[in-house]
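Only one structure is covered here, and it is reproduced in the block below.
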There are 2 protein chains.
Amino acid sequence: MSSEKITVNSKTSQALSGGSKRSRAKLDKKNAIMQAALELFSRHGVKGTRVEKIAALAKVSKTNLLYYFNSKEQLYIDVMQRLLQVWLAPLASFNEEQDAIETINDYIRVKLELSRDHPAESRLFCMEMLHGAPLLEDQLKSPLKELVDSKAAVINAWIAAGKLAPVDPYHLIFTIWSTTQHYADFRVQIESITSKNLDDPAFFENTLSNLQSIILQGVRPN
Amino acid sequence: MSSEKITVNSKTSQALSGGSKRSRAKLDKKNAIMQAALELFSRHGVKGTRVEKIAALAKVSKTNLLYYFNSKEQLYIDVMQRLLQVWLAPLASFNEEQDAIETINDYIRVKLELSRDHPAESRLFCMEMLHGAPLLEDQLKSPLKELVDSKAAVINAWIAAGKLAPVDPYHLIFTIWSTTQHYADFRVQIESITSKNLDDPAFFENTLSNLQSIILQGVRPN
DNA sequence: GTCTATATGCCGATAGAC
DNA sequence: GTCTATCGGCATATAGAC
């Protein structure tokens, strides 16, 4: 359908070319727009977000926004593109040489930090999944599978070496993803029930240690 | 804002009044429309769903749909209203007299069955959370908190009795919610990676036993 | 590059016959 | 209750001056 004219807008990588003041200002503006778009798309969806509102949040005019991004759809694609690069990075740190328990503990922490520091990214990714990820068919499907497969192999090696109890590595990964992302995506529910969120340092540490404890040791008494 | 004229449409409960053929047909039609709306709202969001499409899926005309439901917003509210009744029911089964481990195992199963059998409900609930749950402020906030608080007390009693390892009961509940709902909400991602979903009985059982194992015993080797 | 003004298309909702 | 026809508003995107 609308996936025919997807264009990757990689102006971002131009940052290291040490461009002129003019192109620098242009980049800052595009970044501000993308940041604003991320925030609003992740809360109201693409259809539910008016270009006017994004422009207001980014402090540019609507016309000006459409000068930098040809359409709302294209802006969305650019935002998702950038998001994906950040989103999958943490998983890459899984490494067979490292200590299994420590690596898993660290991964849970990093993912929970992402939920605290980048909740809009988490929400937008979640929303895209709910929609059936029409955009991500190619972008995500095979690279993601390969990455996860390779990390599953690492986990299996740990299990074979007795460093980890027997568990399906895929479900372990899904468990870490779901539990940590939940605190960003269901933030309002968490707040309704606990009156706290991850921005509270004590709540963050409490959440982290509980998740680590559940995933590593479970809740069955010894 | 738009929450001023929320009206609970409880025609559903009229089912037991043994209504005439006419009102029976009317109910069937409303149910068909709500079912179709649930499906589409949960995939594309409210703004992203056209009334025309809901009508087509429910096999009625657009005008006819708007005869039964005054507006798209009202239809959405009615759908959410019905959803909530189903959604929180399973938690109510937590009971201090029951065996702790067995109850938790059962709850994980029931929640995973919900993800398998009612994925649209799961998605729509998730989407409403992402949006900040503007509708659910009153509906959900205090009743949900009370329910969860009471179940947290049950879990604490189990811990005090040595039936369960020390854990924050709220994080335990969030863990069960997030892990099980993940298989409905992130279904496309699960499918990309594993090429399977909960409709496959073997995959369902495999998922269930892994979640139960992780949550009860963790992945640390003995 | 940035603005004002406007074109254009879509979609929710209503009017009114039957 | 159900249809056909249509209104009216809103939001994206463009035209064109500066």
Side-chain angles (χ1 to χ4, degrees), chain A residues 1-7 9 11 14 19-34 36-37 39-41 43-79 135, chain B residues 1-7 9 11 14 19-34 36-41 43-80 135:
Chain A
M1 271 282 174
S2 62
S3 59
E4 23 180 281
K5 49 171 182 174
I6 289 182
T7 305
N9 211 320
K11 295 279 171 55
Q14 192 189 343
S20 64
K21 278 179 189 166
R22 180 154 298 231
S23 72
R24 178 73 211 151
K26 193 172 170 178
L27 265 202
D28 287 348
K29 214 163 195 177
K30 292 194 73 163
N31 284 334
I33 292 168
M34 289 177 78
E39 193 61 38
L40 295 178
F41 285 158
R43 281 239 116 88
H44 312 293
V46 176
K47 281 274 165 85
T49 301
R50 296 204 299 282
V51 171
E52 174 102 41
K53 292 280 187 185
I54 300 171
L57 188 57
K59 295 184 172 128
V60 300
S61 71
K62 181 177 65 167
T63 336
N64 197 222
L65 186 156
L66 286 163
Y67 169 77
Y68 286 102
F69 297 89
N70 297 332
S71 71
K72 185 166 78 163
E73 275 266 315
Q74 182 65 51
L75 172 56
Y76 176 62
I77 290 165
D78 287 0
V79 168
L135 277 191
Chain B
M1 274 276 175
S2 63
S3 59
E4 25 181 276
K5 50 171 182 175
I6 289 182
T7 304
N9 211 322
K11 295 280 172 54
Q14 193 190 341
S20 64
K21 277 179 191 169
R22 179 154 301 231
S23 72
R24 178 73 209 153
K26 192 173 171 177
L27 264 202
D28 287 349
K29 215 163 196 176
K30 292 194 74 163
N31 283 334
I33 291 168
M34 290 178 76
L38 170 64
E39 193 62 37
L40 295 178
F41 285 157
R43 282 236 116 88
H44 312 294
V46 177
K47 281 274 167 78
T49 301
R50 297 204 299 281
V51 171
E52 174 102 43
K53 292 280 188 186
I54 301 171
L57 188 57
K59 297 187 171 125
V60 300
S61 71
K62 181 175 68 165
T63 335
N64 198 221
L65 186 156
L66 286 163
Y67 169 77
Y68 285 102
F69 296 89
N70 297 332
S71 70
K72 186 166 78 162
E73 275 267 315
Q74 182 65 51
L75 172 57
Y76 177 61
I77 290 165
D78 287 0
V79 167
M80 279 300 306
L135 277 190

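Lettering of chains follows the sequences in order, A, B, ..., and the numbering in each one begins at 1.
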inquiry  = Going 5' to 3' along DNA chain C, between which two nucleotides do contacts with chain A fall, using a heavy-atom cut-off of 4.0 Å?
reply    = C:dG1 to C:dT4

note = Rounded to whole Å, CZ of A:Phe69 lies from P of D:dT14 at a distance of 15 Å

query = Does anything in residues 52-63 of chain A reach DNA chain D, meaning a heavy atom under 4.0 Å, and if so which residues?
reply = A:Lys62, A:Thr63

task = Tell me which of A:Arg50 and B:Tyr67 sits closer to the 5' end of DNA chain D, going by the nucleotide each one is nearest to.
result = B:Tyr67

Spacing of [X] atom [atom1] and [Y] atom [atom2] [to the nearest 0.5 Å]:
X	Y	atom1	atom2	value
B:Glu73	B:Asp78	CD	CG	11.5 Å
A:Lys62	A:Ile54	NZ	CD1	11.5 Å
B:Asn70	B:Leu65	CG	CG	10.5 Å
B:Lys30	B:Leu75	NZ	CG	9.5 Å

query = Does NZ or CZ of B:Lys26 come closer than 6.0 Å to the centre of the six-membered ring of B:Tyr68, within 45° of the ring's axis?
reply = no

ask   = With respect to A:Thr49, which candidate in A:His44, A:Arg43, A:Glu39 satisfies the side chain to side chain contact (heavy atoms under 4.5 Å, CB included) definition?
value = A:His44

Closest-nucleotide 5' rank along DNA chain C - winner of A:Lys47 and A:Asn64 = A:Asn64

key: Backbone of B:Val46 reached by a side-chain donor or acceptor of B:Lys72 within 3.5 Å   = yes

query = Is any side-chain heavy atom of B:Phe41 closer than 4.5 Å to a side-chain heavy atom of B:Met80?
reply = no

